[in-house]
Amino acid sequence: MFDVKWIRNNPEAFDASLKRRGAEPQSAHVLALDDARKATVQQLNEWQGTRNASSKQIGQAKAQGDEDKAQKLLAEVADLKAKVQQGEETERTQTAELNELLAGLPNLLLDDVPDGADENDNVEKSRFSEPRQFNFEPKEHYELGEQLGQMDFEIAAKIAGSRFVVLKNDVARLERALGQYMLDLHTREHGFTEVIAPLLVRSEALFGTGQLPKFSEDAFQTTDDRWLIPTSEVSLTNLVRETMLSHEELPLRFTSLTPCFRSEAGSAGRDTRGMLRQHQFYKVEMVAVTAPDKSLEEHERMLGCAEAVMKGLDIPYRVMRLCSGDMGATMMRTFDIEAWLPGQNTYREISSVSVAGDYQARRMEARYRDENGKPQYVHTLNGSGVATGRALIAVMENYQQEDGSIAIPEVLQSYMGGQTEISAAK
RNA sequence: GGAGAGGUGGCCGAGUGGUCGAAGGCGCGCCCCUGCUAAGGGCGUAGGCGGGUAACUGUCUCGAGGGUUCGAAUCCCUUCCUCUCCGCCA
């Protein structure tokens, strides 16, 4: 959601940012709508002013028992009522039209976001470790899981359809261990507050984080008009909706382990094998709420928190700067962490860390009082820290052994009762 | 699910048709007094949009959205939420 004043003062920058996203310029359209709205409001204000003054006099006249004067004044303002109502109606229509346009516009891009059309134009920012050399042909996670008898796509399909999985025994426990490890890391080492928040949310919450109105087809809606969260970014960020924070409270940092639900409409045929792309998956999310001048450093910090997870697991990864064409509409800058998957022989996204600026805060009226006591919109950030379903894949493929068993990363062993590997013999 | 009560400024809370953007309190800010284990006094203090260099000023906002009225925090309708009692259930 944009501040029209800002667009008015920076129309070129605004359109340039849209263009980088491959969208049409909109500043002229926005400003035209706003001009029309302003003209209406001005006229309306004038009428309301006259009416208010007269009404006050009528009240005084009646209080003094001067019925003649009151009647005279009443006659004077008789036609104003219709005008004001008409004006209000026009203003409503125009404001709705303007808001509808603004609500659908993507966020600005930061200058250091690389230009590009799609994921092929993303730019590597950094890299951790090197892919392990196997002296056998590494398998994909679903081969490993099925051979272990602890990952079952067939029964999942019978129960729920495609893009679901059933995990059992140690593999199920491994995913639980990953979630616990990440939560403990973020709460103990990184200063995040653990949160359990709703998985079903109202439309307003999804609007606040930007999934609505334009991306409704990506999420599941319930029969009672709620939505299953596609990410706990929604629940966590909306924790500050419609609030007035004080500057001493900032930054706020929240983390949560939740299931996420995605319709995956439009990704038919992509990643159909295995559990890389599911309708339901677990993810540890990080959300930060900061003062405007702190959000960019918080972005780097949050990336570091997500990287710490990967370093702890000792899984090779690279960090990518998403290019303009590959970024989500609500974000100003996004860094993805891509884990090395030996079975696929490629890097795949396992975390996405983004800064939204005040885009979400405006949509959810999340403000704080700055040092001067002046209300300002906060900045919001979110990042996966990290997706546990995909972390499971990464651990299985990177830690696989020739006999199909899987070594357990050291940091997870305490969460696995001291177990050091997963094998079929169980 | 049934019955009832209520949603007011950063927070608490008064206000049932006219001079209410709204008493009082808390919190916060500035100033003064005091000088000893802690307090006393004064003043100021909502947000959005618009006009003005500024002082200032117009308008809107009392959960949200409509309506009635010359005039609505106050009346009516819709809706969301909270609380109490009953029922049901984990």
Side-chain angles (χ1 to χ4, degrees), chain A residues 1-9 30-103 196-208 212 221-227 235 238-250 252 289 291 358 361-378:
Chain A
M1 204 65 154
F2 284 99
D3 179 7
V4 176
K5 267 191 282 188
W6 189 89
I7 297 176
R8 191 170 289 284
N9 293 329
V30 169
L31 295 181
L33 287 178
D34 189 51
D35 285 340
R37 202 195 106 265
K38 270 188 179 171
T40 303
V41 169
Q42 248 168 31
Q43 178 61 259
L44 180 60
N45 279 2
E46 208 171 290
W47 287 330
Q48 285 168 328
T50 316
R51 183 201 63 191
N52 289 349
S54 301
S55 292
K56 200 172 268 189
Q57 286 178 30
I58 291 169
Q60 285 167 349
K62 290 205 167 180
Q64 291 161 9
D66 191 344
E67 199 55 36
D68 286 351
K69 189 180 176 192
Q71 286 304 323
K72 198 169 149 242
L73 287 162
L74 274 173
E76 275 176 30
V77 293
D79 67 316
L80 265 181
K81 188 185 174 181
K83 283 185 179 173
V84 167
Q85 274 179 338
Q86 182 64 50
E88 284 175 341
E89 178 62 36
T90 308
E91 191 208 343
R92 269 200 288 276
T93 311
Q94 291 176 324
T95 303
E97 195 182 350
L98 178 63
N99 283 343
E100 200 181 320
L101 175 63
L102 290 174
I196 293 180
L199 308 178
L200 285 165
V201 299
R202 308 169 162 283
S203 299
E204 288 83 351
L206 279 177
F207 180 88
L212 290 181
Q221 189 163 22
T222 67
T223 51
D224 69 346
D225 243 16
R226 276 178 256 264
W227 302 78
S235 315
N238 276 282
L239 286 175
V240 295
R241 75 174 293 120
E242 293 161 54
T243 53
M244 183 71 76
L245 301 160
S246 78
H247 65 271
E248 291 102 338
E249 293 176 81
L250 301 177
L252 290 170
V289 178
D358 65 5
R362 286 179 179 280
R363 296 169 84 97
M364 58 176 78
E365 281 297 312
R367 294 178 297 171
Y368 81 109
R369 280 189 196 283
D370 65 17
E371 289 78 352
N372 303 315
K374 199 168 152 41
Q376 309 266 6
Y377 287 106
V378 296

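Proteins come first, then strands; the chains are lettered A, B, ... in the order of their sequence lines, and each starts at number 1. Only heavy atoms go into these numbers, but all of them, side chains included; no hydrogens, no water, no symmetry mates.
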### Task
Please list, chain by chain and in numerical order, all residues satisfying salt bridge (Lys or Arg N to Asp or Glu O under 4.0 Å) with A:E89, sequence neighbours excluded.
A:R92

Write down the distance separating the [atom1] atoms in [N] and [M], rounded off to the nearest Å.
N	M	atom1	result
B:U69	B:U53	C1'	42 Å
B:U61	B:G6	P	23 Å
B:G21	B:C60	C1'	11 Å
B:U57	B:G7	P	32 Å
B:A23	B:C11	P	16 Å
B:C33	B:C49	P	41 Å
B:G9	B:C32	P	34 Å
B:A73	B:U37	C1'	46 Å

Rounded to the nearest 0.5 Å, how far does [atom2] of [Y] lie from [atom1] of [X]?
X	Y	atom1	atom2	value
A:L73	A:K62	CG	NZ	10.5 Å
A:R362	A:R367	CZ	CZ	10.5 Å
A:L98	A:F2	CG	CZ	12.5 Å
A:E97	A:T95	CD	OG1	10.0 Å

### Query
Is A:D370 paired with A:K374 through a side-chain N to carboxylate O contact shorter than 4.0 Å?
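Here A:K374 does not pair with A:D370 in a salt bridge, since their nearest N and O are not under 4.0 Å apart.
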
### Query
Under a 4.0 Å N-O cut-off, is there an ion pair linking A:D35 with A:K38?
no

#### Entry: Contact boundaries on RNA chain B for chain A, cut-off under 4.0 Å to non-hydrogen atoms
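Footprint of chain A along RNA chain B, 5' to 3': B:G10 to B:C81.
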
### Query
Listed in order of residue number, which residues of residues 88-97 of chain A have a non-hydrogen atom at under 4.0 Å from RNA chain B?
A:R92

### Query
Does any residue of residues 69-85 of chain A have a heavy atom under 4.0 Å from RNA chain B, and if so, which ones, in number order?
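A:L74, A:V77, A:K81, A:Q85, in order of number.
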
Can you tell me if [X] uses its side chain to pair, donor with acceptor, with the backbone of [Y] under 3.5 Å?
X	Y	result
A:R241	A:E204	yes
A:R363	A:F207	yes
A:D358	A:Y377	no
A:S235	A:P198	yes

### side-chain contact (heavy atoms from CB on, under 4.5 Å) partners of A:L245, counting only residues at least two apart
A:V240, A:T243, A:E249, A:L250, A:L252, A:V289, A:Y368, A:V378

### Comparing A:M244 and A:Q42 on RNA chain B - which has the more 5′ nearest nucleotide
A:M244

### Task
Tell me which of A:G49 and A:G59 sits closer to the 5' end of RNA chain B, going by the nucleotide each one is nearest to.
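Counting from the 5' end, the first nearest nucleotide belongs to A:G59.
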
### Message
Wobble G-U and Watson-Crick pairs count when both distances are under 3.5 Å; given that, what is the 5' to 3' dot-bracket string of RNA chain B, with | for pairing to other strands?
### Response
((((((((.[[[..)..(.....]]]((((((.......))))))((((((....)))))).[[[[[..)....]]]]])))))))....

### Message
So A:Q221 and A:R226, do their side chains get closer than 4.5 Å, heavy atoms only?
### Response
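Heavy-atom side-chain distance check fails, nothing below 4.5 Å.
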
### A:R37 side chain reached by A:D34 side chain, heavy atoms, under 4.5 Å
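Side chain of A:D34 against side chain of A:R37, heavy atoms only: contact under 4.5 Å found.
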
### Query
A:K62 near the nucleic acid: base, sugar-phosphate alone, or nothing, with a heavy-atom cut-off under 4.0 Å?
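Since a base atom lies under 4.0 Å of A:K62, the category is base.
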
